[in-house]
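Quick note: residue numbers are just sequence positions, from 1. Side chains included, hydrogens not; waters and symmetry mates left out as well; all remaining heavy atoms used.
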Amino acid sequence: MIRLSLIIPTHNRALQLLRALESVVRQTVDPALWECVVVDNASTDDTARRFDEFAAAHPRFALRRVYESEPGVSYARNRGLREARADVVASIDDDERIDEGFIAAYMAFFEAHPEATVAGGRIIAEYETARPGWMSFYTEMPVANPMDFGERVRPFPAGRVPGGGNMAFRRAVALRYGGFDVSLGRVGRELIGGEENDLFERMRWGGEVIWYVPGAVMWHIIPPEKLTESYFRRLCYNVGRSQRLRAEIHHRLFKIRLLELFKWGATLVLCLLMRPRQALWLLRMRREITRGLFGW
């Protein structure tokens with residue numbers, strides 16, 4: 001019986017997808033107990049052919065591909081939720097690799113905690129080149145979203161939610177909350193996000209506890225093109241845009257803009273404690289987020 005469905009949305013990143021799948025087929029759990037559903041989100045490259053070749057080369061595993069014609073990661077993730085055959089659904093992205101005990105950790109957690117409905121795991125940044133000297137804890141957040149809250153199972157800290165590339169749900173509960181809002185989330189090369197934050201927020205409002213599962217380890221692979229100044233500025237600007245869209249949906253735009261002004265004060269204090277280069281990039285981050293949030 002299938003006890004966990006692993007969902008991987010992908011769009012025009014066949015090579016990255018294959019790297020992710022290589023880590024998927026190294027899982028320690030009996031392949032008869034889980035499946036992997038790749039949601040091909042309107043890809044126009046050779047994703048379909050490469051996936052079919054990979055699946056044929058790994059016949060022991062329940063690997064399947066479904067095609068979602070509506071572009072956007074939220075559409076793809078919702079399609080994955082509908083296609084999943086298991087009660088528990090985990091989701092990763094195509095630019096990652098997972099620890100060989102990833103699926104086992106989530107399966108064990110949900111079996112040991114029947115009351116639990118939603119969880120997230122550890123995220124480790126993996127840089128294809130060296131971690132840049134300008135990067136600090138704060139400027140790494142929008143790029144890699146690293147996450148490590150220790151070695152024990154615990155509720156997520158206040159103000160933090162799982163990363164979209166390492167999260168798990170009871171399928172029926174995620175669907176009951178409406179899944180992912182399709183007005184949010186990346187479409188093609190657009191960098192709008194926040195769809196997972198929005199779902200987690202709705203679940204918390206509904207009384208759900210979000211759990212941290214340390215054994216579900218994922219490495220977020222960061223290529224050098226995501227470490228350029230132009231990409232970083234565009235990414236941070238769209239973080240602000242995403243915050244603005246979510247604030248408009250939940251009618252709290254004034255509140256979040258007021259909070260941004262307080263964040264500027266904290267940013268200026270932090271800059272005094274940093275090396276000049278790190279401080280410069282932190283100021284760039286804050287400036288671009290503010291621009292996106294205020295629509296400048």
Side-chain angles (χ1 to χ4, degrees), residues 1-9 20 24 27-39 41 61-64 66 68 73-93 96 98-99 101-123 145 147 149 152-182 184-185 193-218:
M1 184 181 78
I2 299 294
R3 287 157 52 186
L4 184 142
S5 297
L6 179 66
I7 308 301
I8 310 178
V24 169
Q27 296 301 294
T28 58
V29 177
D30 182 348
L33 300 179
W34 57 276
E35 65 171 351
C36 176
V37 182
V38 170
V39 183
N41 189 206
F61 298 89
L63 306 173
R64 58 190 175 102
V66 297
E68 173 55 56
V73 69
S74 290
Y75 282 105
R77 286 176 172 159
N78 287 339
R79 178 66 182 274
L81 283 172
R82 295 195 302 270
E83 292 282 344
R85 292 186 290 170
D87 170 57
V88 174
V89 175
S91 182
I92 66 172
D93 290 331
E96 304 169 355
I98 55 176
D99 182 78
F102 182 91
I103 289 176
Y106 274 134
M107 285 176 57
F109 169 75
F110 281 101
E111 288 169 10
H113 298 82
E115 78 288 356
T117 58
V118 54
R122 189 177 303 180
I123 299 175
N145 196 21
M147 211 166 284
F149 304 122
R152 65 180 180 87
V153 170
R154 51 167 289 186
F156 256 73
R160 298 298 301 274
V161 295
N166 188 354
M167 54 187 176
F169 311 92
R170 293 202 186 273
R171 176 177 176 271
V173 175
L175 290 173
R176 188 173 78 233
Y177 280 92
F180 297 92
D181 188 332
V182 297
L184 300 169
E195 74 287 349
E196 69 273 22
N197 298 59
D198 178 73
L199 176 56
F200 292 133
E201 184 175 20
R202 283 183 274 128
M203 295 181 87
R204 272 183 167 159
W205 285 347
E208 311 298 335
V209 176
I210 303 174
W211 291 91
Y212 168 68
V213 181
V217 181
M218 175 272 279

Spacing of [atom1] belonging to [X] relative to [atom2] belonging to [Y], to within rounding of 0.5 Å:
X	Y	atom1	atom2	answer
R204	F156	CZ	CZ	8.0 Å
L6	S91	CG	OG	7.5 Å
M218	N145	CE	CG	8.0 Å
N78	L199	CG	CG	8.5 Å
R170	E115	CZ	CD	8.0 Å

Does any non-hydrogen side-chain atom of [Y] lie less than 4.5 Å from one of [X]?
X	Y	answer
N41	P9	no
E195	D198	no
V38	L63	no

Search all heavy atoms of [X] against all heavy atoms of [Y] and return the closest pair with its distance.
X	Y	result
G185	S74	CA-OG, 4.1 Å
A90	F102	CB-CE2, 4.4 Å
P155	V209	CB-CG1, 4.0 Å
A104	T28	CB-OG1, 4.0 Å
I123	G163	CD1-CA, 3.9 Å
V213	A119	CG2-CB, 3.8 Å

Do side-chain atoms of [X] reach the backbone of [Y] as a donor and acceptor pair under 3.5 angstrom?
X	Y	answer
N166	R122	yes
Q27	I103	yes
R202	G179	yes

Please verify the inter-ring angle class for [X] with [Y]; under 30° counts as parallel, over 60° as perpendicular, anything in between as tilted.
X	Y	value
Y106	F110	tilted
W34	F61	tilted
W211	H113	tilted

Q: Please lay out, stage by stage, how V89 and L81 fare under the test side-chain contact (heavy atoms from CB on, under 4.5 Å).
A: CA-CA 7 Å; V89 175; L81 283 172; 4.1 Å; yes

Q: For I2, enumerate each residue passing the side chain to side chain contact (heavy atoms under 4.5 Å, CB included) test, keeping only those at least two apart in sequence or located in another chain.
A: S5, E35, R85, A86

Q. Taking only residues two or more places apart in sequence or in another chain, which ones pass side chain to side chain contact (heavy atoms under 4.5 Å, CB included) with V118?
A. F169, F200, M203, E208, I210

Q | NZ/NE/NH1/NH2 to OD/OE distance under 4.0 Å, D87 and R3 | A | no

Q. Charged N to carboxylate O below 4.0 Å: is that the case for R77 and D93?
A. yes

Q: Mind running side-chain contact (heavy atoms from CB on, under 4.5 Å) on V29 and M107 for me, showing each step along the way?
A: CA-CA 9 Å; V29 177; M107 285 176 57; 3.8 Å; yes

Q) What do the steps show when you test M167 against I92 for side-chain contact (heavy atoms from CB on, under 4.5 Å), and what is the final call? A) CA-CA 7 Å; M167 54 187 176; I92 66 172; over 6 Å; no

Q) After noting the C-alpha distance and the side-chain angles of R152 and Y212, does the key distance pass the side-chain hydrogen bond (donor to acceptor under 3.5 Å, both in side chains) rule? A) CA-CA 8 Å; R152 65 180 180 87; Y212 168 68; over 6 Å; no

(Q) side-chain contact (heavy atoms from CB on, under 4.5 Å), that's the test. Do R64 and E83 meet it? Break it down for me. (A) CA-CA 10 Å; R64 58 190 175 102; E83 292 282 344; 3.4 Å; yes

Q: Return the set of residues passing salt bridge (Lys or Arg N to Asp or Glu O under 4.0 Å) with R171 (not counting sequence neighbours), or none when no residue passes.
A: none

